[in-house]
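The block underneath contains the structure these notes are about, expressed in structure tokens.
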Amino acid sequence: MAELTALESLIEMGFPRGRAEKALALTGNQGIEAAMDWMLELVAQKQREREEREEREALERERQRRRQGQELSAARQRLQEDEMRRAAEERRKEKAEELAARQRVREKIERDKAERAKKYGGSVGSQPPPPAPEPGPVPSSPSQEPPTKREYDQCRIQVRLPDGTSLTQTFRAREQLAAVRLYVELHRGEEPGGGQDPVQLLSGFPRRAFSEADMERPLQELGLVPSAVLIVAKKCPS
């Protein structure tokens, strides 16, 4: 039996012909051992390159995950800041409107006083003097007004969460119930990127579940002024 050549021996060992020929050529046809060393080193080098590439890809995926988490956190913070700015601006507007309304009331009272003084003061000489009043309780002054029911412009809401903790915040009486729900969703301690389940607001006593239509109604109209306790229950997905 004729002795096998180096190329035939390598092919018989299972190496591809093309790779075996290349290994023999690059090692100067120094024999089977040199060619095998070259091919094994080539395989090891490719393995190292693949591991390094996979490590770089894993690092890049981790950087992208962290960057997305930071962007989501920054977006939520911007949303909170925008909501706080809008709420502060609405409070300033409400306060300015309230001050203007009080000023109009004061001006009307002063005009009424001036008209009464002019009317009664100018007609005394042309009319006979009125009969002397009989003893009795002293009538109240025309400028006195009957006491009015106090109206609150703020509402203190305590919200009890499903985990037993609670949130407390002061809202304007004219704010919608949706503002309370938004405050709860922003402050109930969810991790960034974890997602938030929709919440259902319930009144404490008597127990009442607020609907989506109620979210558009002011707190004053829902009977939550000057203070109320609400309960948060997770909605079941529809």
Side-chain angles (χ1 to χ4, degrees), residues 68-114 143-235:
Q68 291 173 354
Q70 292 173 353
E71 292 174 354
L72 178 59
S73 178
R76 293 185 64 181
Q77 183 175 359
R78 287 194 299 270
L79 176 61
Q80 289 179 342
E81 292 174 353
D82 292 342
E83 291 294 335
M84 291 174 64
R85 280 194 296 269
R86 282 195 292 268
E89 182 63 25
E90 290 178 1
R91 288 190 178 97
R92 284 194 292 270
K93 291 181 179 179
E94 292 285 347
K95 187 173 182 180
E97 291 175 358
E98 181 181 355
L99 291 175
R102 290 180 179 178
Q103 181 63 27
R104 288 194 296 269
V105 170
R106 285 194 293 267
E107 292 174 354
K108 185 177 185 304
I109 291 174
E110 293 299 326
R111 287 196 302 270
D112 291 344
K113 287 182 179 179
S143 62
Q144 290 182 339
E145 297 182 357
T148 57
K149 183 179 179 181
R150 181 178 178 184
E151 293 188 2
Y152 296 89
D153 58 353
Q154 290 187 340
C155 174
R156 185 174 180 85
I157 299 293
Q158 182 186 77
V159 183
R160 296 178 181 174
L161 303 179
D163 61 1
T165 61
S166 64
L167 299 171
T168 303
Q169 180 65 14
T170 300
F171 299 88
R172 298 188 318 280
R174 299 180 184 178
E175 280 191 273
Q176 296 178 349
L177 184 59
V180 180
R181 181 170 64 180
L182 177 60
Y183 176 82
V184 173
E185 292 175 349
L186 291 175
H187 293 82
R188 56 178 173 157
E190 297 286 349
E191 290 294 332
Q196 290 193 4
D197 298 327
V199 297
Q200 173 71 54
L201 293 178
L202 309 173
S203 61
F205 182 81
R207 183 62 59 90
R208 170 190 175 187
F210 294 103
S211 65
E212 287 299 322
D214 291 330
M215 295 298 146
E216 304 299 325
R217 299 173 61 189
L219 301 176
Q220 190 175 39
E221 184 178 328
L222 293 171
L224 302 179
V225 176
S227 64
V229 176
L230 301 181
I231 301 172
V232 172
K234 291 185 178 179
K235 288 183 177 177

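Model, not experiment: these values are computed from the prediction.
Of the inter-residue distances, the one linking Gln154 atom CD with Arg172 atom CZ reads 9.5 Å to the nearest 0.5 angstrom. Distance check: Glu98 CD to Arg174 CZ gives 7.5 Å after rounding to the nearest 0.5 Å. Here CG of Leu79 is found 11.5 Å from CE of Met84. Values are rounded to the nearest 0.5 Å. To the nearest 0.5 Å, atoms CD (Glu216) and CD (Glu221) are separated by 11.5 Å. Between Leu177 atom CG and Leu219 atom CG the span is 6.0 Å, to the nearest 0.5 Å. With values rounded to the nearest 0.5 angstrom, Arg104 atom CZ is found 13.0 Å from Ile109 atom CD1.
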Task: Check against salt bridge (Lys or Arg N to Asp or Glu O under 4.0 Å), Glu81 and Arg78 - done: CA-CA 5 Å; Glu81 292 174 353; Arg78 287 194 299 270; over 6 Å; no

Task: salt bridge (Lys or Arg N to Asp or Glu O under 4.0 Å) between Glu110 and Arg106, worked out - done: CA-CA 6 Å; Glu110 293 299 326; Arg106 285 194 293 267; over 6 Å; no

TODO: Go through the steps to decide whether Ile231 and Leu201 satisfy the test side chain to side chain contact (heavy atoms under 4.5 Å, CB included), and finish with yes or no.
DONE: CA-CA 6 Å; Ile231 301 172; Leu201 293 178; over 6 Å; no

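Closest heavy-atom contact between Tyr183 and Gln169: OH-OE1, 3.6 Å. The two residues Gln220 and Val225 come nearest to each other via the heavy atoms CA-CG2, 3.5 Å. The heavy-atom pair separating Cys155 from Leu224 by the smallest distance is SG-O, 2.7 Å. The shortest non-hydrogen separation linking Phe171 to Ala179 is CE2-O, 4.0 Å. Nearest heavy-atom pair, Ala173 versus Pro218, reported as atom, atom and distance to 0.1 Å: O-CB, 4.0 Å.
Using a cutoff of 4.0 Å between basic side-chain nitrogens and carboxylate oxygens, Arg86 and Glu83 are scored as salt-bridged.
Glu71 is linked by a side-chain hydrogen bond (donor to acceptor under 3.5 Å, both in side chains) to nothing, counting only residues two or more places apart in sequence or in another chain. Under the side-chain hydrogen bond (donor to acceptor under 3.5 Å, both in side chains) criterion, Arg85 pairs with Asp82, not counting sequence neighbours.
When each of Gln176, Met215, Arg217 is paired with Leu222, the side chain to side chain contact (heavy atoms under 4.5 Å, CB included) condition holds for Arg217 and for no other.
Residues His187 and Val159 form no side-chain contact, since every pair of their non-hydrogen atoms from C-beta on lies 4.5 Å or further apart. By the 4.5 Å heavy-atom criterion applied to side chains, Asp153 and Glu94 are not counted as neighbours.
One N or O on the side chain of Asp214 and one on the backbone of Ser211 form a donor-acceptor pair closer than 3.5 Å. Distance alone, capped at 3.5 Å, is enough to place a donor-acceptor pair between the Gln200 side chain and the Phe210 backbone.
Under a cut-off of 6.0 angstrom, the local environment of CZ in Arg91 is crowded, with over 12 non-hydrogen atoms contributed by other residues, nucleotides or ligands.
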